[in-house]
Amino acid sequence: MRFSKEFYLDNAVSLAKKLLGQYIVRRIDGKEIIVKIVETEAYVGPEDKGCHAYNNRRTKRTESMFLEGGYAYVYIIYGMYYCLNIVTAKEDKPEAVLIRAVEPISGLEYIKENRKIKSTKIEELTNGPGKLCKALNINKSLDKYNLVTGEELFVMKNENIEKEKVVEKIAESKRINIDYAEEYTEKLWRFYIKGNKFVSKNKVKN
DNA sequence: CGGCCGATCAGCT
DNA sequence: GCTGATCGGCCGA
């Protein structure tokens, strides 16, 4: 069952936690990839100095974050990688959840095709925001994509989420690589599933 | 395994 | 002209 619009109209911190353990479905050229979300970060503009839309900064890039919840926000980072965010909250409230790491559930052969890495460690395929975009073939064309109605990319409920006790395993920490965000670097707005080996290995100063 | 470093360019200012 | 919500290769331990 995919999530409907109401699910996304929540604030980013709450949704960052609710998304953990849920599935992302990616369909392209008749192929289907399903992954489980294991690490997220909340960006709570306009007061959040770590958020691209801090101080209601509205540009061509950040425009997507001002949409109502349920759309994708995809941007290019370091000139070479994409990052996938899920826009949350009401229209004109620029909040989003960054998907930082996922665990492959099905379509692993397509993920490997998309990644082409030397390492044989499966977790290296999707344990970072840029890596998972490459793995799911996500690019700028999916910016502003409607996750509520679209068939190529959407979030689906993991029916075993209670059985997997995801809620009990949620850990929180500071967000990664936002040293410029002053007091907002200290916010514990990064969430991940404790013990999951697909969580990104980035320095956790917590 | 961990730290360092270069790659590479859109999106700002 | 500068910077970044990153990654992978290399090198030393």
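Keep in mind it's a predicted model, so treat the numbers as computed, not measured. In what follows, chains are A, B, ... by sequence order, proteins preceding strands, each numbered from 1.
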Per-nucleotide protein contact string for nucleotides 8-13 of chain B (B base, S sugar-phosphate only, - none; heavy atom under 4.0 Å) = BBSSSS
With respect to the phosphate group of C:dA5, does any side-chain polar atom (N or O) of A:N177 fall under 4.0 Å of OP1 or OP2?
-> no
Does the ring of A:Y184 carry A:R175 above it, NZ/CZ under 6.0 angstrom from centre and within 45° of its axis?
-> no
Can you hop from A:I24 to A:V148 via hydrophobic side chains spaced under 4.5 Å?
-> yes
How about A:M65 and A:Y71: do any of their side-chain heavy atoms sit closer than 4.5 Å?
-> no
Does the salt bridge (Lys or Arg N to Asp or Glu O under 4.0 Å) test come out yes or no for A:E32 and A:R26, once each step is laid out?
-> CA-CA 6 Å; A:E32 184 176 83; A:R26 172 69 169 133; over 6 Å; no
Separation of atom CD1 in A:I77 from atom C1' in C:dC2, rounded to whole Å | 13 Å
Closest heavy-atom pair, A:L125 versus A:K112, reported as atoms and distance to 0.1 Å, is CD1-CG, 4.0 Å
Atom CG of A:L98 and atom CD1 of A:I86: how far apart are they, to the nearest 0.5 Å?
-> 10.0 Å
Rounding to a whole Å, what distance do you find between A:E41:CD and C:dG4:P?
-> 16 Å
Which whole-number value in Å describes the distance from A:E182 CD to C:dA5 C1'?
-> 16 Å
To the nearest angstrom, how far is A:L84 atom CG from C:dC7 atom P?
-> 13 Å
Check the pair A:D179, A:K174 against salt bridge (Lys or Arg N to Asp or Glu O under 4.0 Å), reporting the backbone distance first and the verdict last.
-> CA-CA 11 Å; A:D179 298 340; A:K174 295 176 189 175; over 6 Å; no
Is A:V199 reachable from A:V35 through a run of hydrophobic residues whose side-chain heavy atoms are each under 4.5 Å from the next?
-> yes
With side-chain contact (heavy atoms from CB on, under 4.5 Å) as the test, would you mind laying out the steps for A:D143 and A:Y75 before giving the verdict?
-> CA-CA 7 Å; A:D143 188 34; A:Y75 66 90; over 6 Å; no
Could you summarise the pairing of DNA chain B as dot-bracket text, marking Watson-Crick and G-U pairs under 3.5 Å with ( ) or [ ] inside the strand and | across strands?
-> |||||||.||||.
Please name the pair of heavy atoms, one in A:L19 and one in A:I37, separated by the smallest distance, quoted to 0.1 Å.
-> O-CB, 3.5 Å
Do A:D92 and A:R58 come within less than 4.5 Å of each other through their side chains, counting heavy atoms only?
-> yes
Mark up nucleotides 8-13 of chain C, 5' to 3', with B wherever a protein heavy atom is under 4.0 angstrom from a base atom, S wherever such an atom reaches only the sugar-phosphate, and - elsewhere.
-> SS----
Rounded to the nearest angstrom, tell me the gap between atom NZ in A:K201 and atom P in C:dT6.
-> 16 Å
